[in-house]
Amino acid sequence: MRVSRLMLVTLRDDPAEAEITSHKLLLRAGYMRRLAPGIFAYLPLLWRVLQKISAIIREEMAEVDALETLLPQLQPADLWRRSGRWDGYTAGEGIMFHLIDRQERAMGLGPTHEEVVTELAADLLRSYRQLPVCLYQIQTKFRDEIRPRFGLMRGREFIMKDAYSFHADEACLRRTYAAMDGAYRRIFERCGLRAVAVEADSGAIGGSASQEFMVTAEAGEDLILASPDGRYAANQERAVSLPPPAVPLEVEGLRTLATPGQTSIEELCAAHGFDPTQTVKVLLLLARFAAAPARAVLVCLRGDQQLNEVKLANAVTARCPDAGALLEIGPLLPDHLAGGLAGGVPFGSVGPHLEDALLPKGEASGAGPVLRLADSSAAELEAFVCGANREGEHLVGARWGELCPLPEVVDLRAAQPGDRCLHDPFQRLEAARGIEVGHIFQLGRKYSEALEARFTDETGREEPLWMGCYGIGVSRLAAAAVEQHHDADGIRWPLAIAPYAVIIVIASSQDPVQVALAERLYGDLGRAGIDVLLDDRPERAGVKFKDADLIGIPWRLVVGRSAAEGRVELVDRSGGGGRQDLSAEEALERLLRLHA
RNA sequence: CGGGAUGUGGCGCAGCUUGGUAGCGCACUUCGUUCGGGACGAAGGGGCCGCAGGUUCGAAUCCUGUCAUCCCGACCA
């Protein structure tokens with residue numbers, strides 16, 4: 001392709017709307033244009049990148065016998081109601097674009113395709129003899145993000161590869177899951193990305209085991225916690241660790257301590273010389289559901305620990321099976337309770353022994369018994385300091401069983417960098433930022449049960465299908481590649497996903513000798529099947545060099561002054577291999593070798 | 001949804017305090033000189049100053065409303 005015909009429009013200044021490198025560079029280098037928040041036009045250069053990524057994905061999917069397909073994006077609400085996800089995806093902070101068609105039917109634009117594909121499986125897969133099967137597609141997904149940002153990184157319309165596997169038993173699911181794990185590692189490696197696999201929360205998709213693939217980069221939205229020995233890595237949402245040991249509280253019996261105005265752990269400890277690990281902090285929260293009244297939740301954590309909201313949301317959802325989707329869980333505020341807690345208990349002095357009766361019943365403050373949960377960090381304390389449920393007072397020397405029964409113990413604390421690892425207490429978790437580019441799940445039978453996707457096994461019994469699902473953010477992967485591969489001058493695409501492998505720059509388009517040599521090389525490379533650009537624009541050499549650097553073509557072939565002697569300059573932009581003066585033939589040969 | 005900021009040619013910005021009918025850099029067109037790291041000169045084209053009201057003889061500028069975009073947060077007393 002000739003650059004003069006490429007519709008290449010590069011910008012000298014960073015667009016004001018862009019915050020991170022990939023967003024800035026993809027806009028500046030003419031790869032994309034924003035149409036609306038989180039919605040981008042993929043310009044020809046970017047489309048080539050996306051096609052290269054897709055081609056690699058297709059090859060690796062073929063390796064694991066996955067079948068490419070294309071599923072509807074416009075999906076009936078009824079289908080989503082049957083899986084139980086319609087409300088969760090549309091109400092509250094739901095992420096699904098939805099509409100009413102002319103027949104007054106509710107429809108949604110697919111944010112994911114479990115429902116559609118499961119429906120299809122229910123229709124087609126009847127016998128264990130047909131299994132396993134794995135279907136995948138590469139197409140646009142729609143998600144009405146609460147806050148789209150960072151360009152391609154979190155868009156409302158984006159390209160995703162999603163695969164779904166169906167199995168007769170769990171062992172078979174595990175095998176495919178493992179095969180996908182391998183395929184994913186090869187895909188990211190072939191795309192030239194450094195990626196790590198981490199344990200992950202499975203979120204709204206549900207299911208048991210799940211693993212994310214993170215491209216490490218400063219701009220990553222996720223925090224990864226990993227052990228230096230490489231044996232453990234997890235998303236912070238999911239990470240587990242050993243908390244620092246607590247300082248034992250040396251007290252006899254239970255006493256009351258006057259703590260006027262001390263409503264935070266810090267103030268309390270500063271005033272009385274306690275260590276935060278000797279305290280239990282109590283969080284009162286309110287969980288709102290799609291299909292049930294709100295419910296109050298009381299969480300006990302050791303005073304120095306932080307709540308992990310993802311773990312909490314999972315724990316609450318699991319304990320309220322009939323409540324429908326968990327829409328929101330947040331602090332229970334005085335505003336929710338007209339007049340605050342009964343008996344005048346101030347929020348800053350709540351203790352684990354707060355009685356249900358002190359919470360006024362009602363839609364705003366929660367119906368039914370308070371759901372009580374304790375993190376093991378709090379549960380393991382022999383004796384502790386906590387709120388007294390009275391203004392300006394705390395209890396010292398409280399013990400589980402004496403003060404109140406120990407609530408159900410669940411892992412609710414947020415693991416922190418520096419925490420000791422479970423698998424080896426001598427290893428300490430280290431933090432890194434990552435961009436989630438892939439996520440694989442063992443879904444189990446959640447969707448097949450909900451949508452009655454059953455097959456007949458060898459014994460003639462009807463069983464729900466075992467399912468797995470496997471996603472890659474294709475457009476996000478392109479942005480992640482830019483985050484990982486750029487310098488002050490622009491993008492440095494890995495060769496495998498670069499829009500073109502080579503750009504031939506004619507230093508002076510007025511020199512017929514240079515033009516002739518460049519045209520010859522352009523023809524030769526093109527005929528050899530190499531993706532080559534010819535910068536034939538009547539621009540000054542400096543402009544063309546700047547543009548070539550900015551758009552990040554891995555190899556630059558400069559045809560300039562020494563063209564008359566048949567010599568050219570080969571510049572390795574991606575590999576950092578510098579520049580070399582070569583005869584045109586040598587240069588050609590090298591580039592052809594790369595391709596082979 | 002809450003908080004903050006910003007809306008002025010395609011992009012980046014000034015002008016607004018103190019009202020007088022719009023300017024700079026880049027980009028674009030033409031001509032000339034230049035020609036290996038975003039050239040120089042000359043001449044051009046392109047703007048409902050986000051939108052709607054209001055104040056005023058007169059509004060990009062002041063007031064009110066509204067919309068949009070971007071950033072922070074969706075956090076534990």
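In what follows, every heavy atom counts, from backbone to side chain, and hydrogens, waters and symmetry copies are set aside. Quick note on labels: first sequence line is chain A, next is B, and so on, each numbered from 1.
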Touch class at under 4.0 angstrom, heavy-atom based, for V9(A) against every strand present: nothing

Out of G12(B), G37(B), G36(B), whichever nucleotide has its closest atom nearest the side chain of A541(A): G36(B)

Out of G12(B), C35(B), G37(B), whichever nucleotide has its closest atom nearest the side chain of K546(A): G37(B)

Touch class at under 4.0 angstrom, heavy-atom based, for L550(A) against every strand present: base

Check: R492(A) and H486(A) side chains under 4.5 Å, non-hydrogen atoms: no

Pair of N/O donor and acceptor under 3.5 Å linking G38(B) base with E539(A) side chain: no

Presence of donor-acceptor pair under 3.5 Å, side chain of D547(A) and base of G38(B): yes

No-H, no-angle donor-acceptor pair, R556(A) side chain to G37(B) base, under 3.5 Å: yes

Between C70(B) and U33(B) - C1' atom distance, rounded Å: 44 Å

Under-3.5 Å donor-acceptor pair between R579(A) side chain and G37(B) base: yes

Assigned partner base of U33(B), Watson-Crick or wobble definition, under 3.5 Å: A39(B)

Sub-6.0 Å ring centroid separation between W493(A) and Y31(A): yes

Whether F97(A) and F142(A) hold their rings parallel, tilted or perpendicular, with breakpoints at 30° and 60°: perpendicular

Of the listed nucleotides G37(B), A77(B), C70(B), the one nearest the side chain of K281(A): A77(B)

Same-atom distance (P) from G20(B) to C62(B), integer angstrom: 11 Å

Distance between P atoms of A59(B) and G73(B) (Å, rounded): 42 Å

Distance in angstrom units between H23(A) NE2 and C71(B) P, rounded: 8 Å

Pair partner, G73(B) [Watson-Crick or wobble, under 3.5 Å]: C1(B)

Paired nucleotide for G44(B) [Watson-Crick or G-U wobble; both distances under 3.5 Å]: C28(B)

Integer-rounded Å distance: C13(B) P and L11(A) CG: 12 Å

Any R12(A) side-chain N or O less than 4.0 Å from OP1/OP2 of G38(B): no

Interatomic distance, E17(A) CD vs A5(B) P [rounded to whole Å]: 21 Å

Integer angstrom distance from the C1' of A60(B) to that of A52(B): 16 Å

Can you give the donor-acceptor pairs under 3.5 Å from side chains of residues 6-24 of chain A to other protein atoms, not counting sequence neighbours?
from	atom 1	to	atom 2	distance (Å)
T10(A)	OG1	D547(A)	OD1	2.9
S22(A)	OG	E483(A)	OE2	2.8
H23(A)	ND1	G151(A)	N	3.4

D511(A) bridged to R561(A) by N-O distance under 4.0 Å: no

Interatomic distance where CG belongs to L223(A) and P belongs to C75(B) [whole Å]: 19 Å

Side chain of L284(A) - closest among G37(B), A77(B), C76(B): A77(B)

Pairwise C1' distance, U56(B) and A68(B) [rounded to whole Å]: 29 Å

C16(B): pairing nucleotide in any strand, Watson-Crick or G-U under 3.5 angstrom: none

Closest to side chain of P37(A), choosing from C70(B), G12(B), G37(B): C70(B)

Side chain proximity check, L254(A) to V396(A), heavy atoms < 4.5 angstrom: no

Who pairs with A52(B) - Watson-Crick or G-U, where each distance is under 3.5 Å: U64(B)

Between C49(B) and A43(B) - P atom distance, rounded Å: 28 Å

Among C70(B), C35(B), G37(B), the one nearest Q510(A) by side-chain distance: C35(B)

Separation of atom CD in E267(A) from atom C1' in A77(B), rounded to whole Å: 10 Å

Pairwise C1' distance, G3(B) and G47(B) [rounded to whole Å]: 33 Å

Atom pair distance, as rounded to whole Å: CD1 in I551(A) and C1' in G38(B): 14 Å

E380(A) with R302(A): basic N within carboxylate O range, under 4.0 Å: no

Identified side-chain hydrogen bond (donor to acceptor under 3.5 Å, both in side chains) counterpart of S509(A) within the set R540(A), K544(A), Q514(A): K544(A)

Listed nucleotide nearest any side-chain atom of R540(A), set U34(B), G38(B), C76(B): U34(B)

5' precedence on RNA chain B between A507(A) and V282(A) (nearest-nucleotide basis): A507(A)

Euclidean distance for P, C16(B) against U6(B) (whole angstrom): 15 Å

Contact nearer the 5' end of RNA chain B, comparing T10(A) with E309(A): T10(A)

Nearest-neighbour nucleotide for the R561(A) side chain, C70(B), G36(B), C11(B) considered: G36(B)

Rounded distance in Å - CD (Q416(A)) to C1' (C76(B)): 13 Å

A59(B) pairs with, by Watson-Crick or G-U criteria that keep both distances under 3.5 Å: none

Per D13(A) side chain, nearest of listed nucleotides G36(B), G25(B), C76(B): G25(B)

Length of the CZ-P vector between R33(A) and C11(B), whole Å: 7 Å

